[in-house]
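What follows is a short report on a single structure.
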Amino acid sequence: MITSLSATPDRWSLDSWFTGFGAPDYVEFKAAVARDLATLLQKSCSLSHDAETVASALVAYEKMGERIGHLAAFVGCLAAADATNEAVKADEAWLATLVAEAEKLGAALRGTLVALPPALFETVVQHSELDGATHAVRRMREEGSHQMTAELESLAADLNVNGLHAWGRLYETLTGKMSFEMTFPDGHTEVVPMARRRALMSDPDRRVRAAAFEAGQKPWVAHADTLAAGLNGIAGTRLNLYNRRGIPNFLDRPLFDGAITRASLTAMMEAIQAQLELPRRALRLAARLQGTPALHFFDLEAPQIAAPDEKPLSWDDACTTVQRAFHAAYPKLGDYFAGTLRQRWIEAEPRPGKRPGAFCTGSRLKREERMYLTFHGTVHDMVTLAHEAGHAWHSCGLRPTRSFAAEYPMTLAETASNFSEMILLAGLRRDPALSPAMKAYLVDQEMLRAHAYLINIPMRFEFEQAFYTERAQGEVPISRLNELMTAAQQKLYGDTLLPDGTDPMFWASKMHFFISGVSFYNFPYVFGYLLSQALFARFQAEGPAFLPRYEAFLAQTGSATCEEVARRTLNVDLTNPAFWAEALRAMEPALQAYERLA
Ligand SMILES: [Zn+2]
């Protein structure tokens, strides 16, 4: 049972990590990490190539990762909870340089692994100190086989800070200051920050959406030259580096990061293309509900069934509802969630100075998790809470595992969080206390999600593929970026979008294309969404007997590729389009419920 709930959303406690920011234990920890990292880096330059030495160096690197991760989690939590704190910001910047140094250590060790003769490498892998780390060490060697000399990699790491990532920072700065003048349907005119445009484009009033779209388009057009230079710069740098590292295709690196094969990605995307009619049915209904022959781009994120005018959820209510849904379907998850509340592991209080968004983080050193969000009392916030709790439960399942086997890719991370969301949503659907209006609203929200994962994000993938293909031949001009974006939208949306309803400037306004640290920030989300749909369908069919297999799945997410984990624990073949087709069909009941409502 929940023991300590308060009416105001929780503030988290980080006391078990450090006494406080700037406290002696924190200062000492920082100094020790910097000192030990420098020593390791120096040692790595002249590592003797015997199994014992290499295995010890790898273990030292693993332990160093835990300590840096502990610091990064602490500072990251403080920075998110108070974005105005300049001292914390300074430590954040210091940490970025520390991480770059650790990256150099990683590169040096990968270089060592590549240089080992195959038999000696196998001896290292089999070393007792590396028990359970086989997957990580093999991945290090694989990555190492596609890297430049240590000196060039070091230069690339430094240049990326001032080149590649500078484009990302420029994007943040430029768009953070953007605003536009908008005339509302009642005739009043307002200067609106760009950050509000998305909320305005989700307004139930179509006239508000249209006005926000048209007026909000102007700054993107005005800055198109700068933004196109940024996009070309980011992709161009990556392509140069891939070329120098002997990586033949621009998808190779994102696939490696996602720990999936091209065959699985192709199978998933083929299944989506073949079943586009499923999410399109929801869009057709949305058009009918608003009385238009098809949708405009500015209609895509708008609810067609408004949230009922019920009073905002209290923090207590939200926690109790999540807790009840978890407990009914998956008691261990419910107990875990109650424990995180008791220990004050959730930061949810709305207050000025907090960064937007939600995340889950944790310390491998302390084997503890933390969740971050800002709770305003909406159903959406409650779903976010369940989402982050899913991430936290995933990390909890990996606590007994060594760190080398606990690092999972984004593809599998998003599977665990979506699974928890679905437990909550299924619980709400069954809840007799919930009003029919709220249930209708939830179905509409579910359709919005299906559209995002099955049409909108695949559309971004389609665009990026076309863009990278052309970028390899030279700079891609604005007019061509607009054409590629329009073509991708027409391909995925088909006739559910009005002929003049595309957004050619979406390549500029979607921040995800400008994330300089991760390439193809799109398909891992689709993967996580669909795999979790498939897992949840099995859970519903098999009941509690499925849960031990789910836990085995979570526990292995850091020690094998996605294909291997899925085959071993769930006996499914991710390279088979039929598997993905089945996952897609899992949305049919919700779709039918939506059709009945309409
Ligand atoms: Zn997530």
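This structure is a prediction, so every number in the text was calculated from the model and none was measured. When a residue number appears, it is its place in the shown sequence, counting from 1.
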Contacts table for residues 67-76: side-chain donor-acceptor under 3.5 angstrom, sequence neighbours left out:
{"residue": "R67", "atom": "NH1", "partner": "D36", "partner atom": "OD2", "Å": "3.1"}
{"residue": "R67", "atom": "NH2", "partner": "D36", "partner atom": "OD2", "Å": "3.0"}
{"residue": "H70", "atom": "ND1", "partner": "S363", "partner atom": "OG", "Å": "2.7"}

inquiry  = Which label fits F419 and F539: parallel for a plane angle under 30°, tilted from 30 to 60°, or perpendicular past 60°?
reply    = tilted
* Asked: Ring centres of W12 and Y372 under 6.0 Å apart?
  -> yes
Anything under 3.5 Å between a donor and an acceptor, one on a side chain of residues 42-49, the other on a protein residue two or more places apart or in another chain? List them.
{"residue": "S44", "atom": "OG", "partner": "L41", "partner atom": "O", "Å": "2.6"}
{"residue": "S48", "atom": "OG", "partner": "D50", "partner atom": "OD1", "Å": "2.7"}
{"residue": "S48", "atom": "OG", "partner": "T53", "partner atom": "OG1", "Å": "3.3"}

Legend entry - R460 side chain vs N522 backbone, donor-acceptor pair below 3.5 Å: no
* To do: Please report the C-alpha distance between L373 and F359 in whole Å, then the side-chain angles of each, then the deciding distance to 0.1 Å, and finally whether the side chain to side chain contact (heavy atoms under 4.5 Å, CB included) criterion is met.
  => CA-CA 7 Å; L373 70 153; F359 61 83; over 6 Å; no
Any salt bridge linking E462 with K491? Criterion: basic side-chain nitrogen under 4.0 Å from a carboxylate oxygen. yes
Does E564 use its side chain to pair, donor to acceptor, with the backbone of T561 at less than 3.5 Å? yes
Decide whether E66 and S403 meet the rule of one side-chain donor and one side-chain acceptor closer than 3.5 Å.
yes
Check: Between D252 and R262, does at least one N-O distance fall below 4.0 Å, as a salt bridge requires?
Finding: yes
Pairwise side-chain contact, S264 with E563, heavy-atom cut-off 4.5 Å (strictly under): yes
The side chain to side chain donor-acceptor pair (under 3.5 Å) partners of E407 (sequence neighbours excluded) come to none
Can you see whether T415 engages Y550 through a side-chain donor-acceptor pair at a distance of less than 3.5 angstrom?
no
Q: Would you check if Y61 and L105 make a side-chain contact, meaning some heavy-atom pair closer than 4.5 Å?
A: yes
query: Can the ring centroids of F461 and F520 be said to lie less than 6.0 angstrom from one another?
result: yes
#### Entry: Electrostatic pair R245-E153, nearest N-O below 4.0 angstrom
yes
E143 bridged to R253 by N-O distance under 4.0 Å: yes
*Just by distance, with hydrogens left out, do R238 and Y468 show a side-chain donor and acceptor under 3.5 Å apart?*
yes
Before accepting this row, confirm whether a basic side-chain N of the pair E86/K89 lies closer than 4.0 Å to the acidic partner's carboxylate O.
-> no
**Item:** F463 ring center near F513 ring center (under 6.0 Å)
**Value:** yes
*asked:* Taking the six-membered ring of Y529 as reference, does the cationic atom of R449 (NZ for Lys, CZ for Arg) lie under 6.0 Å from its centre and within 45° of its axis?
replied: no
Notebook entry, point to check: Does the distance from a Lys or Arg side-chain N to an Asp or Glu carboxylate O, for R110 and E103, drop under 4.0 Å?
Noted result: yes
- Query: Is the Y330 to W393 ring centre distance short of 6.0 Å?
  - Reply: yes
Looking only at the side chains, is there a donor atom on one of T569 and R549 sitting less than 3.5 Å from an acceptor on the other?
no
### Message
Closer than 3.5 angstrom, by distance alone: can the side chain of T173 be matched with the main-chain N or O of R169 as a donor-acceptor pair?
### Response
yes
Between T411 and G528, is there a donor-acceptor pair closer than 3.5 Å when you use the side chain of the first and the backbone of the second? no
task = Answer yes or no: is there a donor N or O on one side and an acceptor on the other, between the side chain of N418 and the main chain of S532, under 3.5 Å?
result = no
Between F527 and W580, does the ring centroid distance fall short of 6.0 Å?
-> yes
Item to check | Pair S417-H387, side-chain donor/acceptor within less than 3.5 Å | outcome: yes
So that I can tick it off, tell me whether R355 and E92 are bridged by a salt bridge, with the cut-off set at under 4.0 angstrom between side-chain N and carboxylate O. yes
Is there side-chain contact between T401 and S559, with heavy atoms separated by less than 4.5 Å? no
Please determine whether a side-chain nitrogen of the Lys or Arg among K30 and D91 lies less than 4.0 Å from a carboxylate oxygen of the Asp or Glu.
yes
- Test E369 against R399 for salt bridge (Lys or Arg N to Asp or Glu O under 4.0 Å), laying out the working first. CA-CA 10 Å; E369 298 78 39; R399 277 189 210 158; 2.7 Å; yes
Backbone N/O of A508 and side chain of Y171: donor-acceptor pair under 3.5 Å
yes
Salt bridge or not for E470 and R480, using N-O below 4.0 Å?
yes
